[in-house]
Each structure stands twice: as C-alpha cells, then as structure tokens.
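What follows is a short report on a single structure.
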Amino acid sequence: MDLNELTYAINGAVYEVIRILGSGFLEKVYENALVLELCSRGLRAAGQVPIKVNPESVRSQSEEFQRMQISY
C-alpha cells in the first residue's frame, strides 16, 4: 500500500464514520468509531496511545498521548 492508497483509505473511513454517526457526539465517540472503521479496512489503529517524553535537559519524565496511531 503506497501513501496515496493509505490516505484514500483513511479519508474514506473518516467520511464513513461521519456519514453514519452524523453530528452531536463527543470526540471520543468519533475516535472509537474511527478506530473500528480503520480496523475493518485492514489497517491497524489505536486511539490515545501513550508516548514517553524525556528530554535530556529535564530530570523528570512526562507522559503525553498521541491522538491516533495508524499503520498498515
């Protein structure tokens, strides 16, 4: 799968979720639905994936979250 095919699959999944759910839900509802739709299209997806941030100049670690992780 090249970049154009991946982009097409992701955009298609987004439009499908919006078409089915419409408007008015909380962001988490759309996020969960998008993860399910992406997985049904053969992509690996996860929402709110934790990432550790530990800059050299800071002594403490912090944990941040990336919104969505998609791979194929």
Practice task
Would you kindly confirm whether Tyr8 and Leu34 end up in one hydrophobic cluster when ILVMFWY residues are joined by side chain heavy atoms under 4.5 Å apart?
Solution key: no

Exercise for the section: State whether the number of non-hydrogen atoms from other residues, nucleotides or ligands found under 6.0 Å of Ile20 atom CD1 is greater than 12. Expected result: yes

Practice task
Measure the spacing between CE of Met68 and CD of Gln66 and express it to the nearest 0.5 Å.
Solution key: 10.0 Å

Practice task
Check whether Phe25 and Tyr15 end up in the same hydrophobic cluster, where Ile, Leu, Val, Met, Phe, Trp and Tyr are linked by side-chain heavy atoms less than 4.5 Å apart.
Solution key: no

Fill in the blank from the handout: Note: Val35 and Ala45 closest approach over all heavy atoms is CG1-O, 3.6 Å

Handout entry: Over 12 non-hydrogen atoms of neighbours within 6.0 angstrom of CD in Glu5
Key = yes

Exercise for the section: Please check if Leu21 and Ile10 belong to a single hydrophobic cluster, counting links between Ile, Leu, Val, Met, Phe, Trp and Tyr side chain heavy atoms closer than 4.5 Å. Expected result: yes

Fill in the blank from the handout: Here the pair of heavy atoms bringing Leu43 nearest to Tyr72 is CD2-CB, 3.6 Å

Handout entry: Worked check of side chain to side chain contact (heavy atoms under 4.5 Å, CB included) between Ile18 and Glu16
Key = CA-CA 5 Å; Ile18 292 170; Glu16 184 67 9; over 6 Å; no

Problem - Within-4.5 Å side-chain heavy-atom neighbours: Val17 and Leu36 - result: no

Handout entry: Backbone of Ser71 reached by a side-chain donor or acceptor of Arg44 within 3.5 Å
Key = no

Problem - Distance-only polar pair, side chains of Glu31 and Gln48, donor-acceptor under 3.5 Å - result: yes

